Amino acid sequence: MNARSVIVVGGGLGGLLASLRIAASGHRVQLFSLFEVMRSHSVCAQGGINAVLNTKGEGDSVEQHIFDTIKGGSYLANQPPIKSLCEDAPGLIGTFERMGVAFSRTPEGTLDQRLFGGVKNRRTCFAGASTGQQLLYSLDQQVRRLETEKQIEKFEWWEFLAIVKDPNGRCRGIVAMNLRSLEVRAFRADAVVLATGGFGQIYSPKTTCSTNSTGAAASRVFQQGARFANAEFFQFHPTAMIGDDKTRLMSEAARGEGGRIWVPRQAHDRREPLAIPEAERFYFLEEWYPSFGNTVPRDLASRAIWKVTREMGLGVAGRDQVYLDLTHLDSHQVETRLGAILSIYRKFSGVDPLSTPMTIFPAAHYSMGGLWVDFEKDANTGGLRANSLRNHATSIPGLYACGECDYAYHGANRLGANSLLSAAFSGRVAGEAVSAYVSGLEQSVESDSHAAFDAEIRYQNQINHHFIHADGEENPYDLHRRLGSMMMDSVGVVRDNSKLNETVATLVELEQAFARLKLGEANPWANQTLAYARQVFDMVKLAQVVAASALARDECRGAHHKPSFEDPAPEHSQAGHKDFEAFRQRWKDNNQKWLKTTIADYHPDGPRIGYEPVDTSLIAPEEPRDYR
Amino acid sequence: MSSPDAPDVRSEIRSPDLTTVPDGAAGDMVESLFTPARNNDIFDPSDEDAGRTERVVFKIRRQDDPFSAPYWQHFELSCSERDNVVAALRRLRTNPVTCEGERVDPVVFDHNCMEEVCGACAMMINGQPRPACSALIENLKQPIVLEPLPKFPLIRDLLVDRNRMFEHLKHVQAWVRIDGPWALTGALGGAGGTQKETCLRVSQQQWAEDYLYSRCMSCGCCLAACPQYDEGQDFVGPAALAQVRLMNAQPTGKFDRGERLHRIMGQGGLSDCGNAQNCVRVCPKAIPLTTAIGELGRATTVQALKDLFGG
Ligand SMILES: Cc1cc2nc3c(=O)[nH]c(=O)nc-3n(C[C@H](O)[C@H](O)[C@H](O)COP(=O)(O)OP(=O)(O)OC[C@H]3O[C@@H](n4cnc5c(N)ncnc54)[C@H](O)[C@@H]3O)c2cc1C
Ligand code: SF4
Ligand code: SF4
Ligand code: FES
């Protein structure tokens with residue numbers, strides 16, 4: 001076999017596992033990241049990673065995991081990839097354990113598991129409350145080992161700017177910028193994997209994501225012709241701590257461990273929370289969803305909080321905030337199992353959650369949508385065909401995507417602790433697929449002409465030149481702030497068509513504002529403003545896709561909620577009742593129309609929105625989501 | 001703790017008490033000199049400048065590139081009660097005007113997570129190495145003096161190159177050697193299976209000990225504080241040593257125990273530590289670095305005897 005060279009952009013869970021897998025197939029890997037890979041956003045994940053191990057005597061099964069994931073995503077995700085995802089989860093946990101991840105243990109010394117939202121069984125493996133950190137570090141260590149063996153070469157502090165295509169439209173490398181010297185350089189590769197994470201920063205500062213989750217890289221390849229899917233599906237996490245620089249996540253584990261969400265029954269009740277008697281507290285999730293209570297899926301919880309605060313006016317102290325209460329729980333237990341989030345809360349608010357209920361509100365958290373990627377179904381198993389070079393291939397040949405920047409596993413809403421799983425799993429699958437792809441290539445990129453590479457370098461340098469020398473009045477930080485508040489307001493927890501129409505227009509104005517930019521510094525060394533301004537521009541381009549996709553979809557599904565198209569399950573009516581069955585029929589009719597993947601194609605005048613059918617070959621959409 | 005003359009509350013809570021929580025909650029607390037805010041006064045983010053009243057002076061050490069001379073600049077910013085240093089620097093970059101009214105280049109610094117878990121934002125704050133995102137303004141003495149971490153090559157302003165840390169992790173082989181990143185079918189199920197057996201059994205006690213070390217975020221604070229660690233020196237430093245402690249305890253990592261010990265027995269290894277205990281005092285993750293160093297000392301002694309007499 002000929003060793004080929006592959007570029008992996010992104011060193012989070014997805015990118016690192018892809019790199020390891022490609023190296024294991026004998027190919028060379030060049031790994032690019034904005035900073036040391038161990039500081040990637042994956043490090044923030046607290047709660048855990050799902051895998052059915054059935055160690056709690058609850059009869060948990062892989063079939064149940066598949067069903068929960070499909071239904072949790074409102075049937076919008078293609079089912080074969082989900083099947084393989086859930087089947088491979090236990091094996092992935094084993095791989096991580098072999099790499100040395102300090103998963104939390106039961107008294108018998110076996111893997112412990114906890115409860116997460118949208119699920120009735122304990123299925124979530126965790127490492128204290130720093131699971132993402134532990135998983136990422138284990139991969140980081142393996143990559144470091146392979147660096148010493150010269151199988152992986154790292155390019156940290158390099159920013160991906162564009163892919164380079166050959167005359168046949170195949171991706172044959174990238175152009176990247178050194179974030180210190182600002183040098184713009186081309187790198188050849190037989191294939192490229194993008195694993196650049198999500199785009200929560202388009203909702204800044206009301207997001208739980210790191211500052212590097214901008215989506216700029218995905219936006220760049222979108223603008224170069226890669227299709228984008230389901231952009232309108234963005235998850236708002238119900239329990240984020242209030243803050244003006246960032247809203248920090250209070251993990252779903254807090255509810256999994258017994259945390260209760262409530263507001264005073266009476267608006268503007270000024271009493272200290274613990275002075276309010278039980279009877280005067282409104283545990284709205286428990287009342288509205290008796291069977292799941294506080295562990296309903298995130299989209300429902302976020303909307304419920306939106307409703308009690310924005311519509312019913314019951315926010316604590318009349319503001320956008322509700323209580324997340326741990327004070328009734330055993331403090332030793334809570335401390336052991338949730339120590340990391342308690343410490344974040346104490347540190348950044350000065351309040352101890354063990355003695356005073358926390359105040360929280362929904363914030364932008366996870367992008368279900370992302371770069372469109374293909375898959376090949378195995379006719380025998382109904383899952384993914386192993387080693388198919390179609391798996392995780394974007395619409396540009398030779399360009400693959402994995403991790404949060406793809407759209408593949410979560411449909412309209414992601415279940416808690418399923419994304420570390422999908423990031424890791426998709427990294428492995430993409431690694432296998434790209435290995436198969438490059439092994440089958442007839443000609444290595446080394447023999448390609450340099451014209452296309454040189455042209456892209458020139459183009460990117462021109463953009464830099466424009467940004468550095470533009471002499472207008474617009475400040476990139478201010479543009480970002482405007483973007484974030486507009487997106488949160490109109491493409492957030494609830495959406496409305498007339499507002500979305502306005503937003504689509506305003507986003508075009510925001511894009512045009514870049515012609516009147518003023519960077520404020522021309523230093524040619526480690527100029528952070530330049531890199532930032534370029535990212536904000538590409539975020540605006542991506543936000544246009546999000547807004548256009550949201551405008552086009554006239555229904556309520558998972559995280560995408562338009563009250564004017566809402567058709568809730570009839571109250572006091574269960575399956576079998578006349579009302580419920582009529583509702584089920586309406587729901588099915590709506591699926592005829594809207595159970596489709598949104599596909600956005602780039603066009604200079606704005607994204608073009610189309611649709612593609614969803615593969616529902618495993619579980620037919622018969623059951624509307626109903627978590628009452 | 002945060003201002004130099006505040007009582008040092010950290011040194012007391014550093015010693016690893018394995019019967020309590022290993023998650024660092026207690027150890028991570030920064031003792032506030034102010035009374036904690038009441039819950040209902042929570043900052044209202046919808047009102048951007050609400051509560052941002054206090055004028056705070058920052059004195060920032062600047063340097064345009066690795067080769068030019070450093071200089072100081074003063075900035076005055078309005079800050080709210082719950083502001084941290086990263087939040088303040090982020091606001092400053094939108095309009096970097098000095099106390100003298102001069103418009104200057106934005107201050108260059110590193111940050112990602114803003115919740116003290118990525119390790120990017122470590123810098124010297126009032127003379128102490130610490131992550132800037134968890135340094136609350138209200139606990140800091142003014143003017144707040146910001147400098148880059150020492151011991152690492154400077155890039156620009158508050159940004160340094162911590163690559164040496166990662167080279168040292170390579171040197172001590174801070175990893176578990178695994179055969180490959182695939183599932184071992186049969187051990188934990190594999191495709192189509194559910195769990196039959198778990199690979200490893202680890203007692204809760206051992207887990208708690210290992211977990212302490214597994215949260216090192218390579219921020220470099222301990223190295224900034226260590227008198228023995230410096231650019232011209234070989235010493236791998238306490239962070240890498242602690243990783244040796246961790247890897248050597250790991251069920252599979254144990255297999256390469258001897259090799260790792262040998263790596264730290266020579267020059268630049270364990271014996272370069274002068275036992276000044278600075279490292280353990282500044283580690284934001286309360287990692288018991290000196291405990292690890294002590295344990296490694298005993299382990300290397302045993303290893304040296306083994307090397308002499310075989311076995
Ligand atoms: C606060 C929080 C808690 C979470 N908790 C959980 C949890 O408990 N369980 C769970 O399952 N999921 C959780 N998630 C979600 C999960 O963490 C992410 O979905 C997942 O980590 C994404 O991994 P990734 O590999 O796709 O990308 P990331 O980890 O985001 O990595 C992106 C990488 O891309 C690089 N990059 C980006 N742009 C460029 C560019 N232009 N050039 C070069 N490099 C670039 C970056 O340097 C980085 O290395 C949480 C998310 C948040 C926000
Ligand atoms: S104890 Fe050793 S490693 Fe720690 S600061 Fe002192 S000399 Fe450095
Ligand atoms: S040991 Fe502590 S101070 Fe040192 S790098 Fe790790 S987290 Fe930072
Ligand atoms: S920004 Fe990540 S530790 Fe401070």
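Only a predicted model underlies this, so the values are computations on that prediction, with no experimental measurement involved. Each chain gets a letter, A, B and so on, in the order the sequences are listed, and its residues count up from 1.
- Looking at A:Phe348, both its backbone and its side chain come within 4.5 Å of chain B, counting heavy atoms on both sides.
- Between A:Ile344 and B:Glu116, every side-chain heavy-atom pair lies at or beyond the 4.5 Å cut-off.
- When all heavy atoms of A:Ala127 and B:Tyr211 are compared, the closest pair comes out as O-OH, 3.3 Å.
- Looking at A:Ser485, neither its backbone nor its side chain comes within 4.5 Å of chain B, counting heavy atoms on both sides.
- Using a 4.5 Å cut-off on side-chain heavy atoms (C-beta onward), B:Thr94 and A:Asp478 make no contact.
- Annotation: the span from B:Gln205 atom CD to A:Arg105 atom CZ amounts to 14.5 Å, rounded to 0.5 Å.
- Only the side chain of B:Arg103 comes within less than 4.5 Å of a heavy atom in chain A; its backbone stays farther off.
- Taking CZ of B:Arg201 as the start and CG of A:Leu111 as the end, the distance is 10.0 Å to the nearest 0.5 Å.
- Only the backbone of B:Ala174 comes within contact range of chain A, judged by heavy atoms closer than 4.5 Å.
- Residues A:Arg98 and B:Val176 form no side-chain contact, since every pair of their non-hydrogen atoms from C-beta on lies 4.5 Å or further apart.
- In this structure, the side chain of A:Glu521 does not engage the main chain of B:Asp105 through any donor-acceptor pair within 3.5 Å.
- When each of A:Asp112, A:Asp245, A:Thr208 is checked for heavy-atom pairs under 4.5 Å with chain B, A:Asp245 comes out on top.
- For A:Phe96, no part lies near chain B; criterion is any non-hydrogen pair under 4.5 Å.
- Among the candidates B:Ala87, B:Cys113, B:Gly180, B:Ser203, the residue making the largest number of heavy-atom pairs closer than 4.5 Å to chain A is B:Cys113.
- In this model, no donor atom of one side chain and acceptor atom of the other lie less than 3.5 Å apart for B:Asp64 and A:Asn523.
- Distance check: A:Asn212 CG to B:Cys118 SG gives 8.0 Å after rounding to the nearest 0.5 Å.
- Judged by distance alone, the side chain of B:Asn112 and the main-chain N or O of A:Arg39 form a donor-acceptor pair under 3.5 Å.
- Contacts between B:Met217 and chain A at a heavy-atom distance below 4.5 Å involve backbone atoms as well as side-chain atoms.
- Across B:Pro106 and A:Gly520, no two heavy atoms sit closer than the pair CD-O, 4.4 Å.
- Of all the listed residues (A:Arg144, A:Gln134, A:Arg248, A:Glu147), the one sharing the greatest number of non-hydrogen pairs under 4.5 Å with chain B is A:Arg144.
- Atom-to-atom distance recorded for A:Thr148:OG1 and B:His171:NE2 is 12.5 Å, nearest 0.5 angstrom.
- Heavy-atom minimum distance, A:Gln528 versus B:Phe109: NE2-O, 2.8 Å.
- In this structure, chain B has heavy atoms under 4.5 Å from both the backbone and the side chain of A:Leu20.
- In terms of heavy-atom pairs under 4.5 Å with chain B, the best-connected choice from A:Phe103, A:Trp157, A:Tyr137 is A:Tyr137.
- Rounded to the nearest 0.5 Å, atoms OG1 (A:Thr529) and CZ (B:Arg93) are 8.0 Å apart.
- Residues B:Trp182 and A:Leu92 have side chains not in contact (no heavy-atom distance under 4.5 Å, counting atoms from C-beta outward).
- The most heavy-atom pairs under 4.5 Å with chain A, out of B:Arg90, B:Gln173, B:Glu115, come from B:Glu115.
- Scanning all heavy atoms of the two residues, the minimum distance from B:Cys216 to A:Met38 falls at O-CE, 4.3 Å.
- Only one option out of B:Asp110, B:Asp65, B:Asp161 pairs with A:Arg180 in a salt bridge (charged side-chain N to carboxylate O under 4.0 Å, His left out); it is B:Asp161.
- A:Gln333 does not touch chain B: none of its heavy atoms, backbone or side chain, sits under 4.5 Å away.
- Nearest approach of B:Trp207 to A:Gly128, heavy atoms of both residues: CZ2-N, 3.7 Å.
- Comparing A:Arg145, A:Glu36, A:Gln141, A:Lys246 by heavy-atom pairs within less than 4.5 Å of chain B, the highest count is held by A:Arg145.
- Looking at B:Leu246, there are no atoms closer than 4.5 Å to chain A (heavy atoms on both sides), in backbone or side chain.
- The side-chain heavy atoms of A:Leu17 and B:Pro181, taken from C-beta on, include a pair separated by under 4.5 Å.
- Of the listed residues (B:Val108, B:Thr252, B:Asp210, B:Asn95), the greatest number of heavy-atom pairs within a distance under 4.5 Å of chain A belongs to B:Val108.
- With a threshold of 4.5 angstrom between heavy atoms, A:Arg428 approaches chain B through side-chain atoms but not through N, CA, C or O.
- Atom CZ of A:Phe35 sits about 12.0 Å away from atom CZ of B:Arg162, to the nearest 0.5 Å.
- Of all the heavy atoms in B:Ile155 and A:Trp525, the pair that sits closest is O-NE1, 2.9 Å.
- Residue A:Glu432: no heavy atom, backbone or side chain, is found under 4.5 Å from chain B.
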